[in-house]
Amino acid sequence: MKAEGRVFKYGDNVDTDVIIPARYLNSSDPKELAAHCMEDIDKTFVSRVRPGDIIVANKNFGCGSSREHAPIAIKAAGVSCVIAETFARIFYRNAINIGLPIMECPEAAKAIEAGDDVTVDFDKGTITDHTKNETWKGEAFPPFMQKIIEAGGLIPYMNARD
C-alpha cells in the first residue's frame with residue numbers, strides 16, 4: 001500500500017478542534033466535514049487540497065477530543081496520509097478505525113516542508129521526499145492494520161469478513 005502527494009505542513013499540537021471546528025460537529029456527513037477541514041488553522045486548505053495530498057505535522061497531532069470527526073474530515077478532504085512526529089493516541093486509533101493511513105516518523109516530520117512531493121510505502125515503512133531526494137524509515141503497519149485501512153476502516157473490514 002502506498003500514498004503519494006503534495007505536502008501541507010503544520011506544527012505541534014494540532015488539535016481536533018482545529019482539524020474540524022466544533023461548530024460543524026452537528027453533521028456526521030464526510031463531505032460536509034471535509035468542506036471545513038483545517039479552516040481555523042489554514043483558511044485555504046480546502047480550496048488547495050487535491051486527492052492524494054499528504055499532511056505532515058510535528059508533535060501530538062490530533063490531540064484534544066476523542067471524536068472520529070477529525071480523521072473523517074481529513075480523509076474525506078482527499079488526504080491520503082498524515083505523517084507526524086507523534087500522534088495523540090486516540091486520534092491514532094480513530095484514524096485506523098476509519099481507514100486513514102498515518103505514520104509516525106520524527107525525522108521525516110522535521111525535514112519535510114510544505115509543497116514537497118512525498119511517497120509513503122506502508123509495506124516497507126518508508127517515506128520518500130522526492131523534492132529533497134531523501135528517504136526515512138518510519139514504523140510499517142502490520143499486515144492486519146493495512147487490511148483494515150485498505151477496506152476503508154474497521155467496520156467495512158469486519159463486514160467483509162462475514
Side-chain angles (χ1 to χ4, degrees), residues 1-22 33-34 36-150 153:
M1 185 170 81
K2 289 187 180 182
E4 185 168 355
R6 181 180 43 123
V7 168
F8 287 83
K9 179 80 183 259
Y10 301 103
D12 291 332
N13 303 311
V14 175
D15 69 54
T16 55
D17 288 332
V18 170
I19 296 168
I20 183 65
L33 296 173
H36 301 287
C37 187
M38 308 302 277
E39 78 179 24
D40 283 356
I41 193 171
D42 183 350
K43 297 252 185 250
T44 65
F45 175 80
V46 172
S47 65
R48 294 183 303 130
V49 68
R50 299 292 173 256
D53 284 348
I54 294 171
I55 290 177
V56 176
N58 294 337
K59 295 176 186 166
N60 203 26
F61 187 87
C63 58
S65 73
S66 60
R67 299 179 207 103
E68 288 185 338
H69 292 74
I72 289 170
I74 291 169
K75 182 179 176 184
V79 171
S80 65
C81 178
V82 180
I83 300 165
E85 287 185 50
T86 60
F87 289 92
R89 293 295 105 190
I90 192 68
F91 181 90
Y92 188 98
R93 189 63 207 166
N94 283 339
I96 301 304
N97 284 347
I98 64 99
L100 174 66
I102 60 176
M103 186 174 285
E104 287 185 343
C105 184
E107 299 80 15
K110 288 175 188 169
I112 295 171
E113 297 178 35
D116 287 0
D117 267 333
V118 170
T119 300
V120 180
D121 185 324
F122 294 99
D123 296 323
K124 296 178 182 174
T126 57
I127 300 166
T128 301
D129 185 329
H130 301 288
T131 306
K132 291 185 167 64
N133 200 26
E134 293 184 58
T135 299
W136 302 273
K137 182 81 168 145
E139 258 186 72
F141 281 136
F144 81 93
M145 286 177 76
Q146 286 191 44
K147 288 178 184 174
I148 292 170
I149 291 169
E150 288 170 357

**Request:** I would like to know whether Phe8 and Val49 meet side-chain contact (heavy atoms from CB on, under 4.5 Å); could you show each step before the answer?
**Result:** CA-CA 8 Å; Phe8 287 83; Val49 68; 4.0 Å; yes
**Prompt:** So among Glu68, His69, Arg67, which one has a side-chain hydrogen bond (donor to acceptor under 3.5 Å, both in side chains) with Ser65?
**Reply:**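 The single option meeting the side-chain hydrogen bond (donor to acceptor under 3.5 Å, both in side chains) with Ser65 is Arg67.
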Please round to the nearest 0.5 Å and tell me the distance separating atom [atom1] of [X] and atom [atom2] of [Y].
X	Y	atom1	atom2	answer
Ile102	Lys75	CD1	NZ	12.5 Å
Lys9	Asp116	NZ	CG	8.5 Å
Asp15	Ile20	CG	CD1	12.0 Å
Ile74	Asn94	CD1	CG	11.0 Å
Phe61	Ile55	CZ	CD1	5.0 Å
Ile98	Ile148	CD1	CD1	12.5 Å

Write down the atom of [X], the atom of [Y], and the distance for their closest heavy-atom approach.
X	Y	value
Ile90	Ser66	CG1-CB, 3.6 Å
Ala34	Val46	O-CG2, 3.4 Å
Cys37	Phe45	O-CD2, 3.4 Å
Ala57	Gly11	CB-O, 3.8 Å

Without swapping roles, check the side chain of [X] against the backbone of [Y] for a donor-acceptor pair under 3.5 Å.
X	Y	answer
Asn133	His130	no
Asp129	Thr135	no
Thr131	Asp117	yes

**Message:** Looking at Lys137 and Asp121, is there a salt bridge between them, counting it only when a charged N and a carboxylate O are closer than 4.0 Å?
**Reply:**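 Looking at Asp121 and Lys137, the cut-off is not met.
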All N/O donor-acceptor pairs, side-chain side in residues 103-112, below 3.5 Å, sequence neighbours left out:
residue: Glu104; atom: OE2; partner: Phe87; partner atom: N; Å: 3.0
residue: Glu104; atom: OE2; partner: Arg89; partner atom: NH2; Å: 2.4

Side chain proximity check, [X] to [Y], heavy atoms < 4.5 angstrom:
X	Y	value
Val118	Glu4	no
Phe91	Val14	no
Cys81	Ile83	yes
Met38	Ile19	yes
Ile54	Ser80	yes
Val56	Tyr10	no
Leu100	Ile149	no

**Prompt:** For residues 48-59, which residue pairs qualify under side-chain hydrogen bond (donor to acceptor under 3.5 Å, both in side chains), counting only residues two or more places apart or in two chains?
**Reply:**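 Every pair satisfying side-chain hydrogen bond (donor to acceptor under 3.5 Å, both in side chains) with a residue in residues 48-59: Arg6-Asp53, Asp42-Arg48, Thr44-Arg48.
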**Request:** Show your reasoning for whether side-chain contact (heavy atoms from CB on, under 4.5 Å) applies to Ile96 and Met145.
**Result:** CA-CA 7 Å; Ile96 301 304; Met145 286 177 76; 3.6 Å; yes
**Message:** So for atom NZ, which belongs to Lys132, do other residues, nucleotides or ligands contribute more than 12 heavy atoms lying within a distance under 6.0 Å?
**Reply:**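 Correct, the count exceeds 12.
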